[in-house]
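What follows is a single structure, written as structure tokens, with notes after it.
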Amino acid sequence: MSTAKEPLRLGTRKSLMAMTQSGLVADALSQRTGHMVDLVGVTTQGDVSKALLAQIGGTGVFVNALRDRLLSGEVDFAVHSLKDLPTGPAEGIALAAVPVRDDPRDALCGPCKLADLPRGARVGTGSPRRVAQLRALRSDIEVVPIRGNADTRLRKVADGELDAVVLAYAGLKRIGRLADVAEVFDPDQMLPAPGQGALALECRADRADLVELLAAVDDPASRAAVTAERTVLAVLEAGCSAPVGTYAAEVEQKLRLTANVVGIDGARQIRLSASGHPDRPDELGRELARRLLDQGADQLMGELDDEPR
Ligand SMILES: NCc1[nH]cc(CCC(=O)O)c1CC(=O)O
């Protein structure tokens with residue numbers, strides 16, 4: 001493109017969390033490239049449907065409307081929470097950048113730590129991954145399915161409808177609600193969702209100029225980690241609503257990946273780790289997924305189908 005420094009149109013969801021994270025990306029990009037960035041709010045299916053995510057399928061409901069705007073040329077690029085991206089390839093769309101990842105962990109919001117909640121306490125989450133791992137930590141608690149944005153979920157605790165809720169730490173930070181956090185779960189206790197805490201910048205694959213420009217905010221280490229995590233999910237053919245937790249990070253120049261599959265009752269889990277070269281994160285993810293399957297991961301995940309969601 002010959003015209004220098006024309007403003008870029010950034011497509012984003014309109015929630016406080018989305019607008020905040022998109023604003024941070026816009027600032028970083030402006031600083032590094034000199035381009036102004038205009039935010040364009042887009043409503044996605046996930047923002048209007050009242051159904052539980054596990055029911056509407058999860059995959060792509062927060063993403064597809066933004067991709068449509070990219071393909072029609074209404075926006076130049078889109079910022080997504082990476083964990084909301086389906087694992088499959090998207091026709092005509094390029095993953096142009098994964099910025100430095102935020103804290104990937106899950107957090108309990110409520111009056112006290114999980115261990116100190118009363119017997120039978122009501123804890124809200126819509127994610128089978130969190131349900132299963134919560135039950136593994138405290139089999140007596142009552143897990144209550146909820147959805148809605150983080151603010152709505154936190155209000156249910158304030159109103160006394162729930163004793164606590166589990167949310168992503170990174171999201172709580174972005175909306176300024178870290179004061180509500182009573183406990184941050186170590187990945188040993190609760191493995192995060194693949195890609196949690198990371199963002200994704202997408203643009204049209206045929207816009208080489210944009211692919212190059214957006215690379216200014218790419219962080220190769222974060223991209224490698226989330227690639228390994230998402231490969232596990234892809235090989236297991238599981239979506240964001242599967243009881244699959246992962247965490248990858250570079251440790252002493254190697255990429256270390258841990259993944260688990262937990263039965264929905266929390267009673268059984270398969271948990272494995274492996275290390276590999278940071279330049280081949282997909283190889284590492286595939287290897288670990290295959291070992292999970294060898295140990296019966298598909299059977300554990302299959303049991304989910306018999307559960308009311
Ligand atoms: N599916 C909703 C969603 N997508 C990304 C985040 C949190 C922020 C992140 O992981 O980057 C959340 C909310 C939550 O899980 O608490």
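Please read these numbers as outputs of a predicted model, since none were measured by experiment. Numbering of residues begins at 1 and proceeds along the displayed sequence. Just follow the structure's listing: the first ligand is 1, and inside any ligand the first atom is 1.
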Does ligand 1 have any atom sitting under 4.0 Å from a heavy atom of [X]?
X    : answer
Q21  : no
R101 : no
A150 : no

Sequence-distant partners of N149, side-chain hydrogen bond (donor to acceptor under 3.5 Å, both in side chains), two or more places apart: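 N149 satisfies side-chain hydrogen bond (donor to acceptor under 3.5 Å, both in side chains) with T152 only.
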Any ion pair linking [Y] and [X] (charged N to carboxylate O, less than 4.0 Å)?
X    : Y    : value
D103 : K173 : no
R155 : D151 : yes
D38  : R9   : no

Where ligand 1 meets L167 - atom numbers and elements under 4.0 angstrom, heavy-atom basis: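 Answer for ligand 1: 16 (O).
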Atoms of ligand 1, numbered as shown, that sit under 4.0 Å from any heavy atom of R174: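 Matching atoms, with element in brackets: 8 (C), 9 (C), 11 (O).
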R130, portion touching ligand 1 at heavy-atom distance under 4.0 Å: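 Within the 4.0 Å criterion, R130 contacts ligand 1 through side-chain atoms alone.
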Mode of D84 contact toward ligand 1 - side chain, backbone, both, neither (heavy atoms, under 4.0 Å):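 For D84, only side-chain atoms sit under 4.0 Å from ligand 1.
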CA sep, side-chain torsions, deciding dist, call: K14, D47, salt bridge (Lys or Arg N to Asp or Glu O under 4.0 Å): CA-CA 9 Å; K14 294 186 240 179; D47 297 313; over 6 Å; no
Below 3.5 angstrom, do we get any N/O pair linking [X] and ligand 1?
X    : result
A168 : yes
Q196 : no
G197 : yes

Side-chain H-bond candidate by donor/acceptor type, Q196 with D106, under 3.5 Å: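 Indeed, the side chains of Q196 and D106 share at least one donor-acceptor pair under 3.5 Å.
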N/O donor to acceptor pairs below 3.5 angstrom from side-chain atoms of residues 214-233, sequence neighbours left out:
{"residue": "D218", "atom": "OD1", "partner": "V98", "partner atom": "N", "Å": "2.7"}
{"residue": "D218", "atom": "OD1", "partner": "R223", "partner atom": "NE", "Å": "3.1"}
{"residue": "D218", "atom": "OD1", "partner": "R223", "partner atom": "NH2", "Å": "3.3"}
{"residue": "D219", "atom": "OD2", "partner": "S222", "partner atom": "N", "Å": "3.0"}
{"residue": "D219", "atom": "OD2", "partner": "S222", "partner atom": "OG", "Å": "2.5"}
{"residue": "S222", "atom": "OG", "partner": "R101", "partner atom": "N", "Å": "3.0"}
{"residue": "R223", "atom": "NH2", "partner": "L95", "partner atom": "O", "Å": "3.1"}
{"residue": "R223", "atom": "NH2", "partner": "A96", "partner atom": "O", "Å": "3.3"}
{"residue": "T227", "atom": "OG1", "partner": "R223", "partner atom": "O", "Å": "2.6"}
{"residue": "E229", "atom": "OE1", "partner": "R101", "partner atom": "NH2", "Å": "2.9"}
{"residue": "E229", "atom": "OE1", "partner": "G195", "partner atom": "N", "Å": "2.8"}
{"residue": "E229", "atom": "OE2", "partner": "R101", "partner atom": "NH1", "Å": "3.0"}
{"residue": "E229", "atom": "OE2", "partner": "R101", "partner atom": "NH2", "Å": "3.4"}
{"residue": "E229", "atom": "OE2", "partner": "A248", "partner atom": "N", "Å": "2.8"}
{"residue": "R230", "atom": "NH1", "partner": "L85", "partner atom": "O", "Å": "2.9"}
{"residue": "R230", "atom": "NH2", "partner": "P86", "partner atom": "O", "Å": "3.0"}
{"residue": "T231", "atom": "OG1", "partner": "T227", "partner atom": "O", "Å": "2.7"}

